[in-house]
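What follows is a set of notes on a single structure, which appears directly below.
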Protein chains: 4
Amino acid sequence: MNSRSPGSQLADTGRGNEAAILNAALAAFGAQGFNGASMREVAKGAGTSLSNLYNYFPSKSHLLAEVLRHVNAELEARLRRAVGEAGDDAASRLREAVRAYVGFVVDEQLAMLVSTAEVRYLRGEDRERLVAARDRTQSIFTEIVEQGAASGEFRTPYPLDAARAILTMISSVATWYRPDGRLSRGQLSEQHARYALALLEGPLPHR
Amino acid sequence: MNSRSPGSQLADTGRGNEAAILNAALAAFGAQGFNGASMREVAKGAGTSLSNLYNYFPSKSHLLAEVLRHVNAELEARLRRAVGEAGDDAASRLREAVRAYVGFVVDEQLAMLVSTAEVRYLRGEDRERLVAARDRTQSIFTEIVEQGAASGEFRTPYPLDAARAILTMISSVATWYRPDGRLSRGQLSEQHARYALALLEGPLPHR
Amino acid sequence: MNSRSPGSQLADTGRGNEAAILNAALAAFGAQGFNGASMREVAKGAGTSLSNLYNYFPSKSHLLAEVLRHVNAELEARLRRAVGEAGDDAASRLREAVRAYVGFVVDEQLAMLVSTAEVRYLRGEDRERLVAARDRTQSIFTEIVEQGAASGEFRTPYPLDAARAILTMISSVATWYRPDGRLSRGQLSEQHARYALALLEGPLPHR
Amino acid sequence: MNSRSPGSQLADTGRGNEAAILNAALAAFGAQGFNGASMREVAKGAGTSLSNLYNYFPSKSHLLAEVLRHVNAELEARLRRAVGEAGDDAASRLREAVRAYVGFVVDEQLAMLVSTAEVRYLRGEDRERLVAARDRTQSIFTEIVEQGAASGEFRTPYPLDAARAILTMISSVATWYRPDGRLSRGQLSEQHARYALALLEGPLPHR
DNA sequence: TATGAATGAGGGTTCATTCAT
DNA sequence: GATGAATGAACCCTCATTCAT
């Protein structure tokens, strides 16, 4: 055992059934997509009645928004923790950020998938709020990359574009990763740390 | 004008309304997602009646399958053409393949988005057939990568994993590319060709 | 038998189920009120499926709007016919108009009730259209009243207000009339013709 | 200030929230109709919780019944007071009754509207009780009319039917009256007093 | 009294699909 | 091929009401 939270579980939030509903929604949206999932399924998954869902979330859209908000919050927390404990140079900070991100993708694969695939169904304010929150999360990476570009550690001509490429590369691991597959969590982290440094044209560790 | 096909248009297929329906389906699935789009929308977009759709495709699922099949076929054709016209070394073949792929993503952004986001709604044989077709398409890249790894041009310790990373990196360009954005089609091609070589730890062109 | 149309039937309108649906809606709205009636009831009453209703009317509100439009159209037609066949002086024109209106209320009691009670549930353009149509219908009365006021046949100091009072008085007959009650159709017509002349302070027939 | 109660307020009844609930119900039923209004709205309007409503009224139907009972009680009280202070002859008693009724309609327009429109949603004993109470209220008018018919003051051939016509005429003022409209409270009273005498074919005041 | 959480029934509406023409 | 009408299932959501506290 380790200290990581169990796969694809949103933290308890105090109110009776809220966490159960959020988790059931995550599972349902993950399995069927936002439009393919029904509130009845969510209710069944959460062990409550359909109508009670609406005592917690005013609409299916809002429920999706809350799911995505929680997922991003957890990701951001993990990233900040990891970067906070890293060294000072951009290369090691990047390495830790990548490891934490890959770890999140592996631990919370379903959350990551839903997070990527279902944002598009958010509209209006909910969407804007989430986009803003994600920008804050991604800025953890872009700041490191800018630091490394400024210090000369990263020599790529396109630091910000490369940063984006790194992020999508890592998050898309969720689309194919299998816990019983050829690559372990650790191997994936090493690989992607190396990919990231390679893309940024930074100092690759010797093989 | 150039010789590229117009954006997000599936080729005519001979049967009266077939192309119109496929294109309308692509547009509808792109705008609303597979489950969010309705056959009525598709019919309206194709300028025909709802029931006439079923003279061409036996079900909504099948319609999706056909859309995805056409998109992959077009992508594969473009890739094979590009690689066929390239040199013999892995680096230049890779460069041309990447350029062609990026070009496709840019030209057929919507097709690429749908292709990525909606495969999950295929089931059964339709799904298997498409997965097989995609594997054939992706093998264009993996063969080049294996060739380069064997020849020593690419020194990455993880050639096949890096190939997958390259593919997802390129296809995800569709999620953010804007025709009027900062990066032109050509710049994107150059960037990604460089990313690919960097990831494979091959010979980077001088800046 | 007489030539009056059967009670509470909206005329056939050509399209297959349309008349049946309108009549079923009239019955349902009459029995339960607009909000108390369900589209399922209407469908059952019309002998069709719930979903088929929406092939004829895009929403429950629209269905109500159409019901009310038809009712008013029928009333207006009857009034114009009656007035057209009357003499030239205001008193006899009024008498015929009142008789026709009372006749309509008695023949189409349910239609009249729904017409009065459920307008309030119309919103937006539907409401405005109906209000305009009703104004046109009521102007049949107000014009007669103005004619009689100008000619000196009606001596009331408030001709237009009295006209309104007459109209509400007649239409509210629908709230208590019973076909098997003490007052026959003919008696009601006579009474209300006399009420109208009395209210307008015109020439009362001798008793 | 005068001695009339404020518009559309049901009197306090002693129990904590009862008056607030009755008034909120009156407002909600007036705005949306009985079936269109929800107990949640009523609770919100009364400033209490949804479930607390059921400590005062056992059901929505009962709540409606109580609202209507209060409205009728207030109307009856006003009418009896007015008639009690009038002279002895039928014409002046009628005049005072009409004035009081018109005054009530104007002062308590919403209450009158609800009273007229929503009775139909009462069933069973609640309905019977209300009908009986209304009959008692209306008998104030019918008794005056019978007195005047007997004494020869009113010469109409249909005294009781005319009485009913008068009542509906007055109560329907609520459907169009606007406080800022052309007709003042006083003018309306005068008009309707005259209408009533005209309908009954009694002695009209000189103009 | 007063509350918040809970629920089963039912609301209007849309869906993919079928079928007679 | 092409259509318009039709349908049953399912959708999201709201309802009046209950109950433990």
Nearest 0.5 angstrom please: C:L122 CG to C:L64 CG, how far? 4.5 Å

Sugar-phosphate or base contact per nucleotide [nucleotides 13-20 of chain F; S, B, -; heavy atom under 4.0 Å]: BBBBBBB-

Residues in ring-ring contact (aromatic ring centres under 6.0 Å, His included) contact with D:Y54, at least two apart in sequence or another chain: none

Quick one: is D:T48 getting a side-chain N or O under 4.0 Å of the E:dA2 phosphate, OP1 or OP2? no

Quick check on F:dG4: is either OP1 or OP2 less than 4.0 Å from any side-chain nitrogen or oxygen of C:N55? no

From the options D:N23, D:I21, D:L26, select the one residue that forms a side-chain contact (heavy atoms from CB on, under 4.5 Å) with D:V67. D:L26

Can you check the A:N52 CG to E:dA5 C1' distance for me, whole Å? 6 Å

When B:R134, B:H70, B:E108 are each screened for side-chain contact (heavy atoms from CB on, under 4.5 Å) with B:S115, the one that passes is B:R134

Could you give the NE2-to-C1' distance, from B:H62 to E:dA16, as a whole number of Å? 15 Å

So, do C:L22 and C:Y56 sit near enough that their side-chain heavy atoms are less than 4.5 Å apart? no

Listed partners of D:Y121 passing ring-ring contact (aromatic ring centres under 6.0 Å, His included), at least two apart: D:F34

Using a 4.0 Å heavy-atom cut-off across all strands, classify A:Y56 as base, sugar-phosphate, or nothing. sugar-phosphate

Quick one: do C:D126 and C:R123 make a salt bridge, cutoff under 4.0 Å? no

D:F57 atom CZ is separated from E:dA2 atom C1', nearest whole Å, by 15 Å

Specify the residues of residues 122-129 of chain B, ordered by number, for which at least one heavy atom lies under 4.0 angstrom from an atom of DNA chain F. none

Please state how far atom NZ in C:K44 lies from atom P in F:dG8, giving the value in whole angstrom units. 12 Å

Listed nucleotide nearest any side-chain atom of A:S49, set F:dG8, F:dG1, E:dA6: E:dA6

Is the shortest side-chain N to carboxylate O distance from A:E118 to B:R120 below 4.0 Å? yes

Sorted by chain and residue number, the side-chain contact (heavy atoms from CB on, under 4.5 Å) partners of B:A28 (sequence neighbours excluded) come out as B:A37, B:E41, B:V42

In this structure, which stretches of DNA chain E are paired as stems of three or more consecutive Watson-Crick or G-U pairs, both distances less than 3.5 Å? E:2-21 with F:2-21

Should C:N17 be listed as having a side-chain N or O under 4.0 Å from OP1 or OP2 of F:dA5? no

